[in-house]
Amino acid sequence: MSGFSEDMPFFDEPNARPPAPSGIAARAMAARSGHNNAPDYLNGLNPEQRLAVETTEGPVLVLAGAGTGKTRVLTTRIAHILATGKAFPSQILAVTFTNKAAREMKQRIGLLVGEKIEGMPWLGTFHSIGVKLLRRHAELAGLKSDFTILDTDDVVRLIKQLIQAEGLDDKRWPAKQFAQMIDGWKNKGLGPADIPEGDARAFANGKGRELYKAYQERLKTLNACDFGDLLCHPIRIFRANPDVLKEYHKRFRYILVDEYQDTNTAQYMWLRLLAQRPEGAGKSAGAGGKPVSPHVGEMSGRTEGGAQDRGASKDHNGNAGGTAPPSVGSADISPTRGEIGHSSAETRATVNICCVGDDDQSIYGWRGAEVDNILRFDKDFPGATIIRLERNYRSTAHILGTASHLIAHNEGRFGKTLFTEKIAEDDEKVHVHAAWDSEEEARAVGETIEAYQRPDKQGNRHNLNDMAILVRASFQMREFEDRFVTLGLNYRVIGGPRFYERLEIRDALAFFRVVAQGADDLAFERIVNVPKRGLGEATIRQIHDTARALRIPMLEAAEKLAESDELKPKPRAALREVAANFERWQKALETTPHTELAETILEESGYTDMWKNDRSVEAPGRLENLKELIRSMEEYESLRSFLEHVALVMDAEQNAELDAVNIMTLHSAKGLEFETVFLPGWEEGLFPHQRALDEGGRSGLEEERRLAYVGLTRAKKNLHLWFVSNRRIHGLWQSTIPSRFLEELPEAHVDVAESGNSYGGYGNSYGGGSFASGRGGRQNPYGASRFDNVGGNTDGEKSGAFSNTYATPGWQRAQQNRTEATDRNWGSRSGHQVERIGYGETDSGYGAGRTSVKGRTIDGELVAKSVADTPSAFSVGDRVFHQKFGNGNISAIDGNKLTIDFDKAGQKRVLDGFVTGV
DNA sequence: AGACTTGCTATTTTT
DNA sequence: TAGCAAGTCT
């Protein structure tokens, strides 16, 4: 998808009046003025949807529940803006999270508006729009406009080099971990100067900050940036160059944001900069806080770019930039809650921003998404119109009722009540099944699928394509795959390793990258010795050192070395060849069509031969992938544009031709829908996942619950949940207890089945006891009381007689199991127990602040909803005691998460509730 | 350079 | 338990 044309004049008509309505626009207007009829594209919208489409002015938040026609609203709204002549396509900024969503929107707008309208140049992911901005203004971030975008792999390798260069032990300080830390900082819009002291100290013996700085400098010399920079650089550019920002203010008349609940802080800041117009001259400052809009004087010359200049300026003489500390102070760049409010007048007048999202489907908190962004919308944009889409077009009343009842257990939410008008008597309730272990679970699901596949009484049968198995963690997939293979049942796994992550693809891309951008050292290093040319570590080190010493790219250094006598004849000859190759290819870049060139490169480098001579099983597949890669290049105009899209866009298409069951994680199921959905693994520890609980406490639990909600709402007609009594975790069998979420389902819509139809066939082999663990008759501590109406629930169902429905023997045994397992479940089993704190140890009586409820601990009580709210009572340097790890010193604090260097146990991250001061 | 051994870890994933 | 990555030995 080469989507938007880069060639379009930038500010094609910055101040132009929107186009005179023509084509469908004219029809639309005629229709409206002439008779009171709505134009075609508004037909079929319900009143709320229509309101969301037609309220084009001012800030609008559309709370779109699952299956309520969110994408339709978004696309129709754009069509409406275009059709009524309110803006050119190029004056609309529309951001999504994934390329898939962007592609889909483009296509649907195309359908609504007709082919004639040019593609929207500013519709895309945050990152792809970020690249576009950055390419235009690269020099303001200290880059050249042909900068390279590094992926995670490159980043990790680069950081590893830096760690080693610092003389640090790269085992004790894993590059991967640091890469994640940097990513986290960038998600918050924090530059090296802005990161909290604790964070900076937590890594590499306190060298975290320097390392981050060194990393940014290195990126600059490489003329490269990482994914986070695609957001952060534009933010800094906007802040430091009000004139640039102003041009975009002029340009973007309408801003639309999809999946607003998934925005992270950096994305939020980016949006705020673009959305907030300082027209109330000087009045842009927030109530009692720093303005979010750019403020010239304070920032001039001291941006992140400036900081990097200084770093790089040592190269030239160290006189530029002065010695002032880098100044993207956290106050400048990171909003805190207090400062967000700002005088409403100017905002209301100018910002036509429409954010669409669903707080109940926020499931990416772990990668920096801030639900608060959506919850706070009306404070950020005073006078905002909030529109709720609650009419669901997807699921049956039972499914909807179940999902709504579950999600009502969450606190921090707007609260929506989904409803449907499709109520059919013969709709099935939501099924809950128990199985002995994961193997039986897979077997039973397989049988259920086969049953659906067979024609029923009316002769209807279900396609495999309409069924999906949604798991919490990918290890669960394997059991299903194994089972389906033996059954001969087609399946496809969605997600998983991507095309461009494959070894051969990455190698090939590295060749191309060096050709396109000679300064790409990471790519160069990857392939200098591919195929093997006898350039060992020593030679590469030498190239590297030479490059660093002379401050030139490694490719150039290699050329120089090849001409000098510093190398032994063999490596020298090899290097000379490599250098000659690249020189030739770079020349050919201007003259040869890029697909042809790509083939030549792979041929001449010996890369294809390498795989042809390789007799491993994978080799033919790899060659095939290389061909596929070349084929996919045809869609792009140049090698450069191809490489850019590879970095941001590439995703492998699945063949939809085949009728196959879909297997994927709950996360990757967001946005999809299926006739029939299977949700296996509803057990404590797995779902909600133990780690989410340990690390996220209460808010972690709520996110897990939202994940459950997402899972439930994927189903249109049939929904089957499963839990097992025994699951193998890390090779050990563990007995498990049903997920607390199962208890949170409304009795009225749920049907608890005894172990499925498979049970008869296999039951005996488990020895009648099945999941009972012994003594019967123990009181179930979770009575019906927990099912009392929680918050506003849906169809007004009452949950009184819940225990009746759940009173099957299997359920009771499982319940009983649950209590017994409390003291010996996950985590407390394995001997070493890394950081699995919380469950399992709960009854042993320590752990300040935990609240025990009916024999079980709810960790959540000790963790604040959002980390920033409750600063820890401890401070860095405090000496503390932990029951399991012993004594140690606090080296960093992040909210209530402490990083502690234990005397014996090494460095651990623990919640502050688990330690006591010494 | 390639085979073998050891050690570690073990959610979710986009860009 | 298993799968991978890095280290060691030949």
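So that the names make sense, note that chain A is the first sequence line, chain B the second, and so on, each numbered from 1. All values below were derived from every heavy atom in this structure, side-chain atoms included, with hydrogens, water molecules and symmetry-related copies excluded.
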**Report entry** Selected nucleotide, minimal atom distance to A:N529 side chain, candidates B:dA10, B:dA1, B:dT12
**Finding:** B:dA1
Query - Results of ring pair (Phe, Tyr, Trp, His ring centres under 6.0 Å) for A:F97 - residues two or more places apart only - result: A:F126
Query raised in the report: Between B:dT11, B:dT13, B:dT15, which one does the side chain of A:H730 approach most closely?
Result: B:dT11
Query raised in the report: Which is true for A:R478 with a 4.0 Å heavy-atom rule: it touches a base, it touches only sugar-phosphate, or it touches nothing?
Result: sugar-phosphate
Report task. Can you check whether any acceptor in the base of B:dT12 is under 3.5 Å from a donor in the side chain of A:R472, or vice versa? Result -> yes
Query - A:L732 CG to B:dA10 C1', straight-line distance once rounded to whole Å - result: 12 Å
Query raised in the report: Which of these nucleotides, B:dG2, B:dA10, B:dT15, is closest to any side-chain atom of A:K532?
Result: B:dG2
Query raised in the report: For the ring pair A:H667 and A:W366, is the centre-to-centre distance below 6.0 Å?
Result: yes
Query - Selected nucleotide, minimal atom distance to A:Y364 side chain, candidates B:dA1, B:dT15, B:dT13 - result: B:dT13
Query raised in the report: Considering only the C1' atoms, how many Å lie between B:dT12 and C:dT1, rounded to the nearest integer?
Result: 22 Å
Requested in this report: Applying ring pair (Phe, Tyr, Trp, His ring centres under 6.0 Å), name anything that partners A:W682, two or more places apart in sequence or on another chain.
Outcome: A:F687
Query raised in the report: Can you give the first and last nucleotides of DNA chain C, 5' to 3', that have an atom under 4.0 Å from a heavy atom of chain A?
Result: C:dT1 to C:dA6
Requested in this report: Would you please name every residue forming a salt bridge (charged side-chain N to carboxylate O under 4.0 Å, His left out) with A:E525, sequence neighbours left out?
Outcome: none
Query raised in the report: Of all the choices, B:dT15, B:dT11, B:dT13, which nucleotide is nearest to the side chain of A:R691 once you look at every atom?
Result: B:dT11
Query raised in the report: Choosing from B:dT11, B:dT15, B:dT12, which nucleotide comes nearest the side chain of A:W366?
Result: B:dT12
Requested in this report: Just jot down the ring pair (Phe, Tyr, Trp, His ring centres under 6.0 Å) partners of A:F178, sequence neighbours excluded, or say none.
Outcome: A:W185, A:F203
Requested in this report: Keeping to residues at least two apart or across chains, list the salt bridge (Lys or Arg N to Asp or Glu O under 4.0 Å) pairs with something in residues 706-715 of chain A.
Outcome: A:E703-A:R706
